[in-house]
Amino acid sequence: MKEYKYKINGNTYNVGIGDIDNGIAQVEVNGVPYKVELGDKNASVSVASAPKAGAAPRSASGEKVIASRPAAAGAGAPVKAPLPGVVLNINVNVGDTVKASDTIIVLEAMKMENSIQAGRDGVIASIDVKQGDSVLEGTTLVTIG
């Protein structure tokens, strides 16, 4: 299996590409295995050694669609998106005290609502996304101090 490391919007992804058999590629992303069906089973497959990053998509008003802001160093514990999705609700404000089991953000992913919990007791130090933002896996959502 060939191993690659990609950095997208500040998030690092470890990608392994294994055998391709009958148009099905064995791919592993951050330790999660996937079977990827290729569109044309007879087409040859080539892997770019150094893909070029494209511009981030923008909304009609010109704002970035993908949110990925790094947390300030030493600012507390970041709560990161466990999967890519769209921020539906932010249930906290900066300065709020939260318990580990409190739902702080609701993400929509694959047409399902996913409750993101604080994961630890503390005070919300920063909110790094806003409602409607599209986020990638690993994007810092909030920081708990």
Side-chain angles (χ1 to χ4, degrees), residues 1-39 41 45 47-145:
M1 182 173 280
K2 290 188 177 185
E3 298 288 330
Y4 301 92
K5 187 177 260 189
Y6 295 101
K7 193 165 197 172
I8 303 172
N9 291 333
N11 297 311
T12 302
Y13 297 90
N14 294 312
V15 179
I17 301 175
D19 295 332
I20 300 172
D21 187 32
N22 289 330
I24 305 290
Q26 303 296 325
V27 178
E28 190 173 288
V29 180
N30 288 344
V32 179
Y34 295 95
K35 289 185 180 182
V36 179
E37 186 174 338
L38 304 176
K41 294 181 181 180
V45 177
V47 178
S49 60
K52 294 182 180 178
R58 299 204 175 252
S59 68
S61 64
E63 294 180 2
K64 287 184 184 177
V65 174
I66 303 293
S68 181
R69 298 177 199 124
V79 176
K80 297 187 177 210
L83 69 169
V86 177
V87 177
L88 286 183
N89 294 319
I90 300 173
N91 300 334
V92 293
N93 294 307
V94 173
D96 287 355
T97 300
V98 294
K99 299 276 185 206
S101 62
D102 290 349
T103 297
I104 56 174
I105 289 192
V106 178
L107 278 182
E108 178 185 11
M110 297 183 293
K111 302 197 183 239
M112 294 185 65
E113 291 184 10
N114 299 277
S115 297
I116 309 302
Q117 286 143 355
R120 62 176 284 191
D121 295 349
V123 176
I124 301 297
S126 69
I127 299 174
D128 300 301
V129 293
K130 61 183 185 283
Q131 190 171 350
D133 279 354
S134 293
V135 296
L136 296 172
E137 177 182 352
T139 299
T140 299
L141 303 172
V142 301
T143 303
I144 299 175

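No hydrogens, no waters, no symmetry mates; every other heavy atom, side chains included, goes into these values. Owing to the predicted nature of the structure, the values given are computational and were not obtained by experimental measurement. The chain is numbered in sequence order, starting from 1.
Counting only distance, with no hydrogens or angles, the side chain of Tyr4 and the backbone of Ile17 share no donor-acceptor pair below 3.5 Å.
Taking every heavy atom of both residues into account, Ala125 and Gly145 meet most closely at CB-N, 4.0 Å. In plain terms, the two heavy atoms of Lys5 and Thr12 that are nearest each other are CG-CG2, 3.5 Å. Closest approach of Val87 to Lys130, counting heavy atoms only: CB-O, 3.7 Å. Residues Gly85 and Leu107 come closest through the heavy atom pair C-CD2, 4.4 Å. Residues Ile144 and Asp121 share a closest heavy-atom pair of CG2-O, 4.2 Å. Between Ile20 and Ala25, the shortest heavy-atom distance links the atoms CG1-CB, 3.8 Å.
Taken to the nearest 0.5 Å, the CD atom of Glu108 stands 5.0 Å off from the CG atom of Leu88. In this structure, CD1 on Ile105 lies 5.0 Å from CD1 on Ile90, to the nearest 0.5 angstrom. Distance check, rounded to the nearest 0.5 Å: CG of Asn14 to OH of Tyr6 gives 11.0 Å. Taken to the nearest 0.5 Å, the CD1 atom of Ile104 stands 9.0 Å off from the CD atom of Gln117. Atom OG1 of Thr103 is separated from atom CD of Glu113 by 11.0 Å, given to the nearest 0.5 angstrom. If you take CG on Asp19 and NZ on Lys2, they are separated by 11.5 Å, rounding to the nearest 0.5 Å.
Taking a cutoff of 4.0 Å between a charged side-chain nitrogen and a carboxylate oxygen, Lys99 and Asp102 do not qualify as a salt bridge.
For the pair Ile124 and Asn93, the minimum side-chain heavy-atom distance is 4.5 Å or more. A 4.5 Å side-chain heavy-atom check between Glu137 and Val29 finds every atom pair outside the cut-off.
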